Number of protein chains: 2
Amino acid sequence: MPIKPKIPRPTVKRLSLYLRQLESMTAHEQQTTSSKQLGEALGLTDAQVRKDLAYFGQFGHPGIGYKVGELIAQLRKILGTDRNWNTAVVGAGNIGRALMAYGRFKNKGFEFVAVFDNNPEVVGTVIETHTVRPMKDLATLIKDRHIKLGIVAVPEEAAQQVTDELIEAGVVGILNFAPIRLDVHDAVSVNSVDFSVSLEQLAFQVSLGMTGSLDEDEN
Amino acid sequence: MPIKPKIPRPTVKRLSLYLRQLESMTAHEQQTTSSKQLGEALGLTDAQVRKDLAYFGQFGHPGIGYKVGELIAQLRKILGTDRNWNTAVVGAGNIGRALMAYGRFKNKGFEFVAVFDNNPEVVGTVIETHTVRPMKDLATLIKDRHIKLGIVAVPEEAAQQVTDELIEAGVVGILNFAPIRLDVHDAVSVNSVDFSVSLEQLAFQVSLGMTGSLDEDEN
DNA sequence: CGTTGTGAAATGATTCACAGCT
DNA sequence: AGCTGTGAATCATTTCACAACG
């Protein structure tokens, strides 16, 4: 192992986008691509693409570009999605169901292997082939099924408590949909999706567009 | 109006967080706060908080801090959520329903005034007091109800088409849940929420935590 | 040729540190 | 004494530009 390269945070986000674009390219039988082409498809500069990829190794072929299949394999390895991540969904409301219904996660290395809810009317019902379990089964199921990722899709008031239980049971990564900052210790990773923030950002951009300026869109 | 201050993008995201934290403070009858306190609650430095706010004016009172009610009003004005944004949801699937069910948007300046879907079985049903309309009514309803924001919660294949229709009808901001980059002209703002990217980022962080290092979590 | 990988330069964002107000 | 607002310094990220390679 050479040194620690230090990866910029924005780079990580873009790796996912590269991977998705490349997968769409294989689907179209495309064998090879370039940083220019990849960048154009995603609204980035070619230099940005090359620099991002170069943090992880030398995947390109000068004069040729990148071999699509090869780069896909590399990116999966980098992102950790070459293995399978057993994942639990906590909260069988609309968000929980939306995620479980989105079939493409399976091919992306994420497998939902348990759903929990505390509502007795929901417990026992089946969502996408999975029976909703009561919260009291959480710890044992997380352990038995070697679940490493947890999705917190419960109301704000319950989010921290649920998080604590997940971590206690052995989960090492949390995707949080509740509008609060979750308190976790350093060994656990948290990533939050916050609809209010997203909408307010949008309102700001729009308001601004009517008067001043911010930098580009970039989606 | 003096000059163009140029707002850092990360600042905008944080403004939403400040606003939410302040709202929770008023709910607890708190009259006044400081950049230090605000920062600690959100995992930011006090200097960061002050700098963010100072881009928009001098809202603080030296020696005292910030008056909570006052700052809330200012932030709402800055974000554009002091007015009301009529919003349309396209796609009455789980994500669309999750958003409509999240009651707090109303108090945040976003009002969902129309839902559309192209599935005949769903059209005509009622979601949170709103009858689902067919796609063919989109243009007229957007115009009649002065809808300015659109939420794209449809499958990937339909997302660009839906976006085009929304913009054609007069929408100026789009919140996109489909996993593609939407093509829009400059006068329209787009903000995307991408579950796959969020999950893959999480997997990366976790994988890394097992070996190397990235910078802090920060949720 | 066209395209990568990469130092060096430029731009952007955060933190420091302190003068000045209450 | 306590806290803001802000220039200056630091740190992070992006862009430039070009040598090296197939």
Side-chain angles (χ1 to χ4, degrees), chain A residues 2-15 17-18 22 25 30-68 70-71 74-75 78 201 213-219, chain B residues 2-15 17-18 22 25 30-68 70-71 74-75 78 201 213-219:
Chain A
I3 35 153
K4 288 264 165 84
K6 284 187 299 182
I7 314 303
R9 189 91 74 90
T11 293
V12 181
K13 205 176 204 172
R14 288 190 296 265
L15 293 181
L17 301 179
Y18 299 150
L22 289 161
M25 284 171 175
Q30 192 180 334
Q31 302 292 316
T32 214
T33 187
S34 65
S35 56
K36 185 151 179 291
Q37 187 183 43
L38 214 35
E40 268 165 13
L42 297 166
L44 305 167
T45 66
D46 56 332
Q48 176 87 83
V49 174
R50 290 199 300 279
K51 181 127 303 187
D52 282 343
L53 297 174
Y55 283 115
F56 301 94
Q58 307 199 160
F59 308 136
H61 305 274
I64 310 292
Y66 300 88
K67 296 186 182 165
V68 176
E70 199 174 283
L71 191 47
Q74 290 288 356
L75 285 174
I78 293 163
Q201 276 193 130
S213 74
L214 183 75
D215 59 330
E216 253 88 88
D217 227 332
E218 188 211 278
N219 283 9
Chain B
I3 35 153
K4 287 266 165 84
K6 285 187 297 184
I7 314 302
R9 188 91 75 94
T11 293
V12 181
K13 206 176 202 168
R14 289 191 297 264
L15 293 180
L17 302 178
Y18 299 150
L22 289 161
M25 286 172 175
Q30 192 180 334
Q31 302 292 315
T32 214
T33 188
S34 66
S35 57
K36 186 150 175 290
Q37 187 182 43
L38 216 33
E40 268 165 14
L42 297 167
L44 305 168
T45 67
D46 54 333
Q48 177 87 84
V49 175
R50 290 199 299 281
K51 183 133 293 198
D52 282 344
L53 297 174
Y55 283 116
F56 302 94
Q58 307 199 160
F59 306 137
H61 305 277
I64 309 293
Y66 300 88
K67 297 184 183 166
V68 176
E70 198 173 285
L71 191 48
Q74 291 289 355
L75 285 174
I78 293 162
Q201 276 192 132
S213 75
L214 183 73
D215 58 329
E216 251 85 88
D217 227 331
E218 185 216 273
N219 283 9

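Here the structure is a predicted model, which means the values were calculated and not measured. Values below: every heavy atom of this structure, side chains too, minus hydrogens, waters and symmetry copies.
Scanning for side-chain hydrogen bond (donor to acceptor under 3.5 Å, both in side chains) contacts around A:Glu70 gives A:His61, with sequence neighbours left out. Among residues two or more places apart in sequence or in another chain, the side chain to side chain contact (heavy atoms under 4.5 Å, CB included) test is passed with B:Thr45 by B:Ala47, B:Gln48. Partners of A:Thr33 under the side chain to side chain contact (heavy atoms under 4.5 Å, CB included) rule, at least two apart in sequence or in another chain, are A:Leu22, A:Met25, A:Gln30, A:Gln37, A:Leu38, A:Tyr66, A:Val68. Residues satisfying the side chain to side chain contact (heavy atoms under 4.5 Å, CB included) criterion with B:Pro62, sequence neighbours excluded, are absent altogether.
Rounded to a whole Å, the CG atom of A:Asp46 is 14 Å from the P atom of D:dT14. One can place CG of B:Leu71 at 13 Å from C1' of D:dT4, the figure rounded to the nearest angstrom. Following rounding to the nearest Å, A:Gln48 (CD) and C:dG12 (P) show an atom-to-atom distance of 13 Å. Atom P of nucleotide D:dG7 and atom CD of B:Gln58 are separated by 11 Å, given to the nearest angstrom. Per the geometry, CZ belonging to A:Arg50 stands 7 Å off C1' belonging to C:dT3, to the nearest Å. Per the geometry, OH belonging to B:Tyr66 stands 4 Å off P belonging to D:dG5, to the nearest Å. Between the CG atom of A:Leu53 and the C1' atom of D:dT14 there is a distance of 15 Å, given to the nearest Å. Distance A:Asp52 CG to C:dT6 C1': 14 Å, rounded to the nearest Å.
At the phosphate of C:dG12, neither OP1 nor OP2 sits under 4.0 Å from any side-chain N or O atom of B:Tyr55. Contact between the side-chain N/O atoms of A:Ser35 and the OP1/OP2 oxygens of C:dT3 is not found at any separation under 4.0 Å. Checking the phosphate oxygens (OP1, OP2) of D:dT14, no side-chain nitrogen or oxygen of B:Arg9 falls inside 4.0 Å.
In this structure, A:Arg14 CZ and B:Gln201 CD are separated by 11.0 Å, a value rounded to the nearest 0.5 Å.
Listed by first and then second residue, the salt bridge (Lys or Arg N to Asp or Glu O under 4.0 Å) pairs involving residues 41-50 of chain B are B:Asp46-B:Arg50 (not counting sequence neighbours).
Counting atom types as modelled, B:Lys36 pairs no side-chain N or O with a base atom of D:dG2 as donor and acceptor under 3.5 Å. The base of D:dT15 is paired with the side chain of A:Lys51 by a donor and an acceptor separated by under 3.5 Å.
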Between the protein and nucleotides 19-22 of chain D, which nitrogen or oxygen pairs are less than 3.5 angstrom apart?
{"residue": "D:dG22", "atom": "O4'", "partner": "A:Pro62", "partner atom": "O", "Å": "3.3"}

Self-check item: Audit row: B:Tyr55, B:Leu15, side chain to side chain contact (heavy atoms under 4.5 Å, CB included) steps and yes/no
Solution: CA-CA 11 Å; B:Tyr55 283 116; B:Leu15 293 180; over 6 Å; no
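When the nearest nucleotides of DNA chain D are assigned to A:Ala47 and B:Thr33 by heavy-atom distance, the more 5′-ward of the two goes with B:Thr33.
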